[in-house]
Amino acid sequence: MEKEQMVRWFLLLFLMLNTIWDVKRRQVLLWSILLFGIAGVFLVFRFQTVPVLSCLGGVIFGMAIGGCGYITRQAIGYGDGLVIMVCGIYLGFAKTFAMVFYGLLFCSLLSMVLIAAGRRTYKTQVPFLPYLLLGYVCVILLG
């Protein structure tokens, strides 16, 4: 149980760090992606918290999100795809998919409220990592 808790806190730190940077600068910290990605591979292989094939599925899912960034001309940023790839290492495919689902749900709901209130337009860009952080918290709380 301690191993899983350590991995959870490590990923939470990664998401919080990049969320702050994304809100301030609309970028992700590339050094953190490299550092936490390598650490995630080490932790997963060392502690066997997630099956390797599931990790691979989570990474491929993140790559697909990054590919959507290319197709949509950065409507979904490449950085978001990289962050999801790192999360895929720690969580595996199913939990990464759930995290992104919850993140998109929160982003959609808040955006609809802000558009209805006249605070945003349909074209306004929003940083996605705060919503991914909320999605991750939901994954932790809901199992």
Q: Kindly give the heavy-atom pair with the smallest separation between Thr19 and Leu15, and that separation in Å.
A: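 The answer is OG1-O, 2.6 Å.
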Q: Provide the closest heavy-atom pair for Asp22 versus Pro127 in the form atom of the first, atom of the second, distance.
A: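 In terms of heavy atoms, the two residues are closest at OD2-CB, 3.2 Å.
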Q: Find the distance between CG (Leu82) and CG (Asn18) and round it off to the nearest 0.5 Å.
A: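 That separation rounds to 10.0 Å.
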Q: Answer yes or no: does atom CZ of Phe45 have more than 12 heavy-atom neighbours from other residues, nucleotides or ligands under 6.0 Å?
A: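 At most 12 heavy atoms, drawn from other residues, nucleotides or ligands, come within 6.0 Å of this atom.
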Q: Please determine whether the number of non-hydrogen atoms from other residues, nucleotides or ligands lying under 6.0 Å from atom OH of Tyr78 exceeds 12.
A: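 Counting other residues, nucleotides and ligands, OH of Tyr78 exceeds 12 neighbours.
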Q: Do the side chains of Val83 and Phe14 get nearer than 4.5 Å, heavy atoms only?
A: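 In short, these two side chains touch, coming nearer than 4.5 Å.
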Q: Would a 4.5 Å heavy-atom cut-off, applied to side chains only, mark Leu91 and Val7 as touching?
A: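 No, side chains not in contact.
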Q: If I compare all heavy atoms of Val59 with all of Met85, which pair ends up nearest, and what's the gap?
A: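 Heavy-atom minimum between the residues: O-CG, 3.5 Å.
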Q: Judged by atom type as modelled, is there a donor-acceptor pair below 3.5 Å linking the side chain of Tyr90 to the main-chain atoms of Phe36?
A: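 The answer is yes, because a donor-acceptor pair under 3.5 Å joins these two groups.
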Q: How many angstroms lie between CG in Leu142 and NZ in Lys95, if you round to the nearest 0.5 Å?
A: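 Nearest 0.5 Å value for the CG-NZ distance: 11.0 Å.
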Q: Would you say Val28 ends up clustered with Met16 if hydrophobic residues are merged whenever their side chains have heavy atoms under 4.5 Å apart, either directly or through other cluster members?
A: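 Yes, one cluster joins them.
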Q: Looking at Pro130 and Val23, what are the two nearest heavy atoms and their distance?
A: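 Looks like CG-CG2, 3.6 Å.
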Q: At what distance, to the nearest 0.5 angstrom, does CG of Leu133 lie from CE of Met99?
A: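 That separation rounds to 9.5 Å.
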Q: Does some side-chain heavy atom of Leu132 sit less than 4.5 Å from a side-chain heavy atom of Leu129?
A: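 Yes, their side chains come closer than 4.5 Å.
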Q: What distance separates Ile84 CD1 from Ile60 CD1, expressed to the nearest 0.5 Å?
A: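 Going from CD1 on Ile84 over to CD1 on Ile60, the span is 14.5 Å.
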Q: Under 4.5 Å between side-chain heavy atoms, counting indirect links through other Ile/Leu/Val/Met/Phe/Trp/Tyr residues: same cluster for Leu30 and Trp21 or not?
A: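 Per the 4.5 Å side-chain linkage, Leu30 and Trp21 are co-clustered.
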Q: Quick one: which residue pairs count as a ring-ring contact (aromatic ring centres under 6.0 Å, His included) with a foot in residues 124-143, not counting sequence neighbours?
A: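 Of all non-adjacent pairs touching residues 124-143, none passes ring-ring contact (aromatic ring centres under 6.0 Å, His included).
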Q: Please answer: with hydrophobic residues joined when any side-chain heavy atoms are less than 4.5 Å apart, are Leu105 and Val126 in the same cluster?
A: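 Leu105 does not cluster with Val126.
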Q: Applying the 4.5 Å side-chain criterion to the ILVMFWY set and letting contacts propagate, would Val41 and Val52 be lumped into a single cluster?
A: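 Yes, Val41 and Val52 fall within the same hydrophobic cluster.
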Q: Taking all atoms of both residues into account, what is the closest heavy-atom pair of Gly92 and Thr96, and its distance?
A: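 Taking Gly92 first and Thr96 second, the nearest heavy atoms are O-OG1, 2.6 Å.
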Q: Can you classify the ring geometry of Phe93 versus Phe61 as parallel (below 30°), tilted (30 to 60°) or perpendicular (above 60°)?
A: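 Perpendicular.
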Q: Any side-chain donor-acceptor pair under 3.5 Å between Ser108 and Ser111?
A: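 The answer is no; no qualifying pair exists.
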Q: Does one hydrophobic cluster hold both Val137 and Phe101, with members joined at side-chain heavy-atom distances below 4.5 Å?
A: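 Looking at the clustering, Phe101 is in a separate group from Val137.
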Q: Take Thr49 and Leu43, measure what side-chain contact (heavy atoms from CB on, under 4.5 Å) needs, and give me the verdict at the end.
A: CA-CA 8 Å; Thr49 55; Leu43 290 172; 5.9 Å; no
Q: Just verifying a value: how many Å separate Met6 CE and Leu11 CG, rounded to the nearest 0.5 Å?
A: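 So the CE of Met6 and the CG of Leu11 are separated by 12.5 Å.
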Q: Once rounded to the nearest 0.5 Å, what's the spacing between atom CD of Gln48 and atom NZ of Lys3?
A: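 Output value for this atom pair is 9.0 Å.
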Q: Show the nearest heavy-atom pair for residues Ser32 and Leu17, with the distance to one decimal.
A: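 Taking Ser32 first and Leu17 second, the nearest heavy atoms are CB-CD2, 4.1 Å.
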Q: Are any side-chain N or O atoms of Arg26 and backbone N or O atoms of Gln125, one a donor and one an acceptor, separated by less than 3.5 Å?
A: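 The answer is yes, because a donor-acceptor pair under 3.5 Å joins these two groups.
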